[in-house]
Each structure stands twice: as C-alpha cells, then as structure tokens.
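Below is one structure, written out as structure tokens; comments come after it.
Both ligands and their constituent atoms are indexed starting at 1 by order of listing.
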Amino acid sequence: MSAPTVSAPETAATPEAAGPDVIREGAFGNARALVCRECGSEVALGPQYACMECFGPLEVAYDFPTDLTREQIESGPANIWRYKALLPVPTDIETSPNTEPGFTRLLKADNLAAELGLSNLWVKDDSTNPTNSFKDRVVACALSAAREFHSKVFACPSTGNLANAVAAAGARAGMKTVVFIPSNLEHPKQVNSAVYTESLVAVDGNYDDVNRLASEIAGEEDGWAFVNVNVRPFYAEGSKTLGYEIAEQLGWRLPDQVVIPVASGSQLTKVDKAFQELIALGLVEDKPYKVFGAQATGCSPVSVAYKSGTDVVRPVKPDTIAKSLAIGNPADAPYVLDVCRRTGGAVEDVTDDEIRAGILLLARNEGIFTETAGGTTTAVLKKLVETGQLDTSLDTVIINTGMGLKTLDAISGQVGPAATIDPSYAAFAATGIA
Ligand SMILES: *Cc1c(COP(=O)(O)O)cnc(C)c1O
Ligand SMILES: [Zn+2]
C-alpha cells in the first residue's frame with residue numbers, strides 16, 4: 001500500500017517519549033519488539049509510537065508460543081487476561097489492580113436477524129464492561145505498559161468513553177490521572193469521568209484539537225503515559241481481545257462477516273489482527289471472513305475514501321451525534337481500508353436519523369440499549385443488508401461498543417411515556433394500550 005496520509009500525528013513531539021529507566025524481565029510477556037507498519041524496522045519495546053526512520057506507526061510484534069491450546073485459554077479468568085499470552089503484558093498481570101474488563105456476552109440476536117432478513121446474527125455486547133464501553137480493554141493494556149515504564153501520570157485525549165475508562169483504571173491503580181475531552185461532550189460522559197478523577201480537563205475544541213494538545217503535553221512533560229498517544233502500540237493490542245472472544249464464544253471458529261464501528265480505526269484493524277493470529281496459532285480453522293466498517297455520515301472520512309476507491313483519506317470536521325466516533329483525522333484509516341478491501345468487506349456510513357433509528361432497532365428487538373456508536377453500527381448493518389453488500393445467509397457478528405445511558409439526549413426526544421394518566425383503571429382503559 002502507499003504511505004499513510006494521516007497516520008503520523010501532525011504535531012508529533014519527539015516520537016521518543018520520556019524513556020523508562022529499567023524494564024523488568026518479562027514485563028511484556030511474549031511481545032518481542034515494536035515494528036513499523038510501513039517500513040518494518042524494529043525498535044525495543046518502549047513508550048514510543050512513531051518510527052524513527054519514516055514516522056509510520058509502531059505496532060507490537062511477538063514470539064508466540066506455538067503450543068498454546070484452547071484449553072489453556074479456557075482455564076484462564078473470565079476477563080481479557082485469559083488471552084495474556086497473546087498480549088504485551090506480564091505473566092502475573094492478574095496480580096496488579098486493574099478493572100478486569102472483557103469476556104462480555106455474545107448474544108444470539110434472532111429477533112433482529114428476522115427483522116433484517118439475516119440467517120444468523122450475534123451481538124458482541126461490550127456495553128457491560130466496567131465503565132460501559134470497549135475502551136476498558138485497551139486501557140487495561142495501556143495501564144500495564146504505563147506501570148512497566150514507571151509512568152507518573154496516566155492520561156488521554158478522549159471522545160468520552162476513553163476518558164471514563166482511563167479515569168476508572170487510574171483510580172484502581174492508584175495513579176495520578178488526567179483526562180482531556182472536548183468541552184461539548186455529552187454530560188453523562190463528563191460525569192462518568194469526573195467521579196473517578198479530580199483532573200478532568202474540558203478543552204474548547206473538537207477531538208482533533210484535544211489530540212494535538214495531548215501530543216504537545218506528551219512532548220513537554222516527563223513521565224506521562226497518554227494511553228492512545230505515546231503508549232498507543234500497547235493500548236491498541238487490547239482490542240484484539242474482542243476478536244479472540246468472538247471466536248472462542250462461537251465455539252472456536254471465526255464468523256463469516258463482522259461489522260465494527262470506526263473512529264481512529266484501531267479496533268477494526270486489531271480484530272482482524274486477532275483473527276489472523278488465531279489462524280496462525282492453529283486455534284481456529286483458516287477460512288475467509290469479511291470485515292465491515294461503520295461510520296456516521298457527519299464524520300465519515302474512511303467511508304468516503306472507501307467509496308471513491310482511493311487510499312487518500314481527507315480529514316473532516318466532525319458534525320454528528322455519534323461523538324464517540326467523531327475523529328475527523330483517523331490515525332488508522334489507511335489500515336482500515338486495507339483490511340476491508342482485502343477481506344471483501346466494505347465501509348459504510350449512516351445519517352444521524354438512521355443512527356437514532358438504529359438505537360431503537362437494537363433496543364426493541366434485542367433488549368440492548370446502545371449509545372450512538374452502536375446505533376451507527378446497527379444502522380450500518382441494516383444498510384449493508386439493504387444494499388446487498390452483506391450476505392444474509394452467512395454468520396454475522398456486530399460489535400456493540402458502548403452504552404445508551406451515556407447518550408440519552410440522542411433519543412430522549414423520541415421515546416417517553418405513551419400516556420400520562422390518573423391512577424384509575426378507567427384512565428388506563430382509555431389509553432387503548434390493553
Ligand atoms: C472509541 C470508540 C470506538 C472506536 O474506536 P477506534 O478504535 O478508535 O476506532 C467505537 N465505539 C465506541 C463506543 C468508542 O468509544
Ligand atoms: Zn518506518
């Protein structure tokens with residue numbers, strides 16, 4: 001593929017952040033090095049995210065044990081640490097206080113399947129994680145890295161859910177925690193960070209402004225672990241656990257099709273990485289699968305690039321109710337395009353009205369209350385079916401990444417009491433509900 005157009009943060013401070021003094025033996029399990037996604041050059045495991053040679057993004061590379069079995073994994077704890085052999089974490093990771101995310105429900109969604117005309121559909125429901133989004137997974141891995149790097153401050157720029165997860169994990173770890181958010185963020189997401197930390201910083205700007213500020217602070221201050229900036233390679237690996245869990249919960253097999261929301265694009269690329277690793281390790285049978293990306297039309301740089309058949313991703317100014325997906329300049333966009341094109345999937349986008357309808361579609365068919373990101377994913381599923389991009393006869397999984405109570409305003413105008421009545425049978429009978 002061609003060089004990434006957006007992956008290197010524009011105002012990257014030095015790619016090499018404040019160095020760790022000593023990294024203890026086995027601190028990163030089976031991880032071997034950080035390798036550049038563009039030029040392949042390797043550097044030692046450390047708090048770095050950009051290649052010194054070409055500024056490409058760094059990714060964790062491993063020497064996996066070839067004798068890892070399904071039984072060994074199944075005998076592990078009911079959280080992401082059952083896959084610790086496949087993550088950049090120490091073998092004793094369970095002994096350090098963390099939020100123990102993961103191993104969330106994979107629900108067979110027969111009502112929604114029937115509604116949309118699909119044979120087999122599952123919802124991977126990450127709304128039940130400790131702070132009610134998939135971000136607890138990535139933050140748990142970033143926290144482990146921050147500990148090993150002796151970081152003094154645990155921090156992030158966030159579209160909301162990440163701040164919730166960082167603030168909670170930092171509290172449990174007893175670390176100083178500072179989280180940065182756009183000041184126009186949904187009120188419940190602000191509160192859900194502020195309960196855990198005194199240092200919630202609201203920035204007048206959009207996420208891309210907040211992200212730039214974080215890069216600047218990471219360059220100025222020593223010992224800050226910004227989970228999605230200077231420890232991003234470790235953070236990103238946490239999303240692989242979604243892929244591992246989906247395969248394990250389907251009975252150690254891969255789905256045929258999976259629909260995943262795209263903000264920075266990290267999660268989507270890591271679910272694909274997880275599937276590839278499971279195949280390489282012989283833990284699942286090798287078979288084709290298609291990966292689909294979901295965006296909101298009001299922030300759809302990856303979907304626009306996909307549809308125009310180009311690798312060039314043009315940054316946008318987000319304008320959508322799906323604030324958790326509102327990244328106008330997604331770091332992993334080129335790799336999302338690669339994965340979706342290579343697997344025969346697609347990237348699609350839906351309007352805010354479709355997102356609201358998607359929230360209700362999932363709630364009323366499956367009893368799952370998702371936030372705007374999940375409304376986006378559900379609405380994109382529907383659109384992919386209606387446009388014939390998704391094969392309705394194949395086994396399909398959608399990922400619900402967040403929780404509806406955090407974005408009540410998105411639909412509170414559309415749902416509410418069907419009637420307000422006196423406490424009498426006559427009044428009830430008059431409503432016609434019975
Ligand atoms: C952050 C987030 C995403 C997207 O994650 P990326 O890895 O940045 O693409 C999806 N859904 C929710 C609810 C999120 O908070
Ligand atoms: Zn490089």
Side-chain angles (χ1 to χ4, degrees), residues 3-4 7-8 15 34-43 48-59 124-127 129 131-139 141-142 156-166 181 185-186 189 192-193 207-208 211 227-229 232 235-243 259-273 291 293-296 299 301-302 320-333 335-336 339 347 355 359 370-378 380 398-407 410:
S7 53
L34 295 177
V35 58
C36 174
R37 291 198 69 155
E38 289 302 316
C39 75
S41 56
E42 287 197 6
V43 293
Q48 295 184 45
Y49 61 96
C51 175
M52 301 292 277
E53 309 292 327
C54 76
F55 273 89
L58 297 172
E59 168 171 58
K124 178 60 173 166
D125 186 14
D126 250 22
S127 68
N129 269 316
T131 67
N132 305 103
S133 87
F134 97 97
K135 289 297 196 308
D136 292 307
R137 298 174 183 273
V138 281
V139 166
C141 290
C156 69
S158 171
T159 57
N161 285 314
L162 184 59
N164 297 171
V166 164
I181 54 164
L185 198 64
E186 298 101 335
K189 282 187 185 158
N192 199 27
S193 287
Y207 172 78
D208 300 281
N211 192 32
V227 300
N228 51 343
V229 182
R232 186 172 180 85
Y235 156 96
E237 291 296 287
S239 282
K240 293 193 306 183
T241 59
L242 272 165
V259 186
I260 306 173
V262 172
S264 74
S266 174
Q267 174 183 173
L268 183 145
T269 63
K270 293 299 175 172
V271 169
D272 172 64
K273 188 181 185 190
V291 180
Q295 293 210 295
C299 182
V302 191
T320 170
I321 58 167
K323 293 189 177 164
S324 52
L325 302 181
I327 298 184
N329 188 10
D332 291 303
Y335 308 111
V336 170
V339 169
V347 188
I355 293 168
I359 293 174
T370 186
E371 68 149 84
T372 46
T376 304
T377 309
T378 307
V380 162
I398 62 172
I399 301 182
N400 173 32
T401 47
M403 149 67 77
L405 292 174
K406 294 190 191 182
T407 61

Could you find the nearest protein heavy atom to atom 6 (P) of ligand 1 and give me its residue, atom name and distance?
S264 OG, 3.5 Å

Closest candidate by heavy atom, reference atom 1 (C) of ligand 1, pool K270, K135, E371
K135

What protein heavy atom sits nearest atom 7 (O) of ligand 1, and how far away is it?
Q267 N, 2.8 Å

Heavy atoms, side chains only, cut-off 4.5 Å: are P57 and Y49 in contact?
no

With the Zn ion (ligand 2) as the apex, the SG/SG angle for C54 and C51 - to 10°:
120°

Short N-O contact, E237 and R137, less than 4.0 angstrom
no

Could you measure the distance from the CG atom of N132 to the CG atom of D126? Nearest 0.5 Å is fine.
10.0 Å

Would you check if the side chain of T377 reaches a backbone N or O of A373 as a donor-acceptor pair within less than 3.5 Å?
yes

Ligand 1 contact on L325 by region, counting heavy-atom pairs under 4.0 Å
side chain

Could you tell me whether D272 and K240 make a salt bridge, using a distance below 4.0 angstrom between a side-chain N and a carboxylate O?
no

Numbered in order shown, the ligand 1 atoms found under 4.0 Å of a heavy atom of G265 are 6 (P), 8 (O), 9 (O)

N161 side-chain N/O to F134 backbone N/O, donor-acceptor pair under 3.5 Å
no

Work out the angle at the Zn ion (ligand 2) between SG of C36 and SG of C39, rounded to 10°.
110°

Region of N161 engaging ligand 1 - heavy atom pairs below 4.0 Å:
side chain

Quick check for you: to the nearest 0.5 Å, what is the distance between S324 atom OG and L162 atom CG?
11.5 Å

As an exercise, identify every atom of ligand 1 less than 4.0 angstrom from a heavy atom of P261.
10 (C)

Among N400, T401, L268, side-chain contact (heavy atoms from CB on, under 4.5 Å) partner for P261:
T401

Return the residue, atom name and 0.1 Å-rounded distance of the protein heavy atom closest to atom 4 (C) of ligand 1.
A263 CB, 3.5 Å

Less than 4.0 Å is my threshold; does some heavy atom of S133 fall inside it relative to ligand 1?
no

heavy-atom search around atom 11 (N) of ligand 1 in the protein gives T401 OG1, 2.6 Å

